[in-house]
Amino acid sequence: MGTSRDLIVMGAGPAGLAAAWRAAQRGFQVTLLERADHVGGMAASLDVAGIRVDQGSHRLDQATPEWLLADLRGLMGEDLQLRRRSSRIRVGDQWLSLPLRMDEVTRRLPPSLLARIARDSATMSLRRDHDDTYASVVRGRVGPALYETVYGPLAEKQWGVPGHGLSTMQAHRQAARLSAWKVAGRAVGRLRQKRQLSTGGYYYPRNGFGQLVEALADAAVDAGVDIKLEAEVDRVRVYEDEVEVSTQDGDVVTGGLVFSTLPLPVLARISRPAPSLTSIESAARLRYRAMLLVYIVHKGGRWSTFDSHDIPDPRTPVLRISEPINYRDNPADPDDHSVLCAEIPCSMTDEVWGLDDESLADLVDETLGLTGLPSVDRIHVESRRLGQVYPIYRLGYENDLTEVDAWARMIRRVVTLGRQGLFIFDNIHQALLMAYDAVDAIRDDGRFDRYAWTVARERFSRSGGGGH
Ligand SMILES: Cc1cc2nc3c(=O)[nH]c(=O)nc-3n(C[C@H](O)[C@H](O)[C@H](O)COP(=O)(O)OP(=O)(O)OC[C@H]3O[C@@H](n4cnc5c(N)ncnc54)[C@H](O)[C@@H]3O)c2cc1C
């Protein structure tokens, strides 16, 4: 029988790993159950042609609080590098640097688009848009010209829903990204030159983003956490004084408290007692976008000098192409080949999901040609598929989330957290902060302080996510 000081954590992504580590440091007996054969969730890295690559472009936000950075530096030392962002975005038929640079914006964008941006900026305070969808909020903030050229196409590609079918919440969670263009609009209006619109720094581990989650896992194991890999949770039974968690291979673990970073709809499906029919129906309506990742090995050194290229262009399903070795300074990276990672957000029922690797590589080749990027000298291609990546904030999702969340908050001895657990568009530092807060809410006797957790959750919802 699990005692009140036995904690079971479900899911070994950043949120689950940090929670397990912190709780073990406080003396709790922690078992961490992970479906995959490795830790890290979406933030894990893998090897392709001898190069550490990530599951899509990952950076640790510079907004990460200093005290949390100090903990991460304690785990990774000098390997956690502060890097300068060197990205680009395709606007019309031009590439612009990210962070945006005013001299480029004014020199490269066609005069007709610049004139529209300047006019939108001048009339910003006069516009009376309804703030009832993603499209109307973003249009109101950056103006119709930038919405139609950048944000509308990006949104539809990323979430598979046009901007007018997305909730305003999606826009509020992208506040930081929007403000750069808002400033750009004003600056174009005043024709200021050579101004960089944000600092654009980020943290990144020398050996790939996955080094961060691997360091957390090592620290967790050192603190006494029992990490069980290939342990897919398929049943959570809640009793009066304990919770019993079963995995597909027949193992059963009991504890006094469970932290779930599993997708909310999955938790609703596997929990006993089961939620009401209304909650089950609402859970089934909460949708996630899937992500296809295509890794192409390029012969002949670096393919570009940039870390990533964002592609709003609706003629290709590729949203972004990154080059992992440009995210870090690692002398161990090879100099005779490199890897590109193309991100294709999609639904698991889309045709692209079923394409073989060669067809996916051809699709990437077409995208390079279409957007004026250098061609690749391809020597290898491989792909990865992530089923549940972005929560989709379609119009009306709030009602379903409120229903399911109300059920989840009432499950005795179970706490949901993390990106999937709260259906929240968070970044890694926010997932880590949630984990810290959740562990802080456990009292020494093992009881969970729901009030402290509710206050913490209010803070996450006010702070907004980053939109990755
Ligand atoms: C393409 C892409 C780019 C991103 N870029 C950035 C970025 O630049 N900066 C940033 O801060 N964030 C970025 N993110 C977001 C970041 O990856 C997430 O915020 C973070 O991984 C969330 O951590 P988590 O622990 O909440 O969830 P996850 O990482 O999803 O972890 C959940 C874990 O639960 C496991 N699991 C699921 N079901 C079961 C089950 N039944 N039994 C046991 N285990 C199960 C999963 O295998 C997974 O390991 C990006 C995400 C993507 C997809």
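Of the options His298, Glu323, Lys299, a side chain to side chain donor-acceptor pair (under 3.5 Å) to Ser338 is made by Glu323 and by none of the others.
Side-chain polar atoms of Ser383 and Arg385 form a donor-acceptor pair below 3.5 angstrom. For the residue pair Glu398 and Ser167, a side-chain donor N or O sits within less than 3.5 Å of a side-chain acceptor on the partner.
Checked by atom type and distance alone, the side chain of Glu382 never pairs as donor or acceptor with a backbone atom of Asp357 at under 3.5 Å. Using modelled atom types, one side-chain atom of Tyr295 and one backbone atom of Asp54 make a donor-acceptor pair closer than 3.5 Å. Side-chain atoms of Ser45 come within 3.5 Å of backbone N or O of Gly210 as a donor-acceptor pair.
Surrounding CD of Glu66 are more than 12 heavy atoms belonging to other residues, nucleotides or ligands, all under 6.0 Å away.
In this view, Pro324 and Val53, Arg328 satisfy the side-chain contact (heavy atoms from CB on, under 4.5 Å) rule, not counting sequence neighbours.
In this structure, Arg141 does not pair ionically with Asp131, as no charged nitrogen and carboxylate oxygen lie closer than 4.0 Å. Contact check on Glu148 versus Arg116 returns a salt bridge, with a Lys/Arg side-chain nitrogen under 4.0 Å from an Asp/Glu carboxylate oxygen. Ion pairing between Arg419 and Asp426 holds under the 4.0 Å rule for side-chain N and carboxylate O. A salt bridge links Asp405 with Arg409: the distance from a Lys NZ or Arg NE/NH1/NH2 to an Asp or Glu carboxylate oxygen falls below 4.0 Å.
Nearest heavy atoms, Pro345 versus Arg289: O-NH2, 3.5 Å. Scanning all heavy atoms of the two residues, the minimum distance from Arg52 to Asp47 falls at CD-OD1, 3.0 Å. Scanning all heavy atoms of the two residues, the minimum distance from Leu75 to Ala219 falls at CD2-CB, 3.6 Å. Between Val352 and Cys346, the shortest heavy-atom contact is CG1-CB, 3.9 Å.
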How far apart are the C-alpha atoms of Ser359 and Glu351, what are their side-chain angles, what is the distance that settles it, and do they pass the side-chain contact (heavy atoms from CB on, under 4.5 Å) test?
CA-CA 11 Å; Ser359 311; Glu351 198 187 332; over 6 Å; no

Evaluate side-chain contact (heavy atoms from CB on, under 4.5 Å) for Thr261 paired with Met10, printing each intermediate quantity in order.
CA-CA 6 Å; Thr261 69; Met10 306 195 298; 5.6 Å; no

Working note: Ser136 + Thr133, criterion side chain to side chain donor-acceptor pair (under 3.5 Å); need CA distance, chi angles, decisive distance, verdict.
CA-CA 5 Å; Ser136 55; Thr133 65; 3.2 Å; yes

Determine, stepwise, if the pair Gln420 / Met42 fulfils side-chain contact (heavy atoms from CB on, under 4.5 Å).
CA-CA 11 Å; Gln420 325 274 22; Met42 286 184 264; 3.5 Å; yes

Return all side-chain donor-acceptor pairs below 3.5 angstrom for residues 361-368, not counting sequence neighbours, or 'none' if the list is empty.
from: Asp362; atom 1: OD1; to: Arg378; atom 2: NH2; distance (Å): 3.4
from: Asp365; atom 1: OD2; to: Arg378; atom 2: NH2; distance (Å): 2.9
from: Thr367; atom 1: OG1; to: Thr316; atom 2: OG1; distance (Å): 2.9
from: Thr367; atom 1: OG1; to: Leu363; atom 2: O; distance (Å): 2.8

Would you tabulate the side-chain donor-acceptor contacts of residues 431-438 under 3.5 Å, counting partners in other chains and residues two or more places apart, or write 'none'?
from: Tyr436; atom 1: OH; to: Asp71; atom 2: OD2; distance (Å): 2.6
from: Asp437; atom 1: OD1; to: Arg459; atom 2: NH2; distance (Å): 3.2
from: Asp437; atom 1: OD2; to: Arg459; atom 2: NH2; distance (Å): 2.7

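You'll find the ring centres of Tyr327 and Phe209 outside the 6.0 Å limit. Taking the six-membered ring for Trp and the full ring otherwise, the centers of Trp303 and His337 sit at least 6.0 Å from each other.
In this structure the side chain of Glu343 never reaches within 4.5 angstrom of the side chain of Val318, judged on heavy atoms. Within the 4.5 Å cutoff, the side chain of Tyr393 has heavy atoms near those of the Phe425 side chain.
Summarising the geometry, atom OH belonging to Tyr202 is positioned 12.5 Å from atom CG belonging to Asp61; distances are rounded to the nearest 0.5 Å.
Taking the ring axis of Phe306 as reference, the NZ or CZ atom of Arg88 stays within 45° of it and closer than 6.0 Å to the ring centre.
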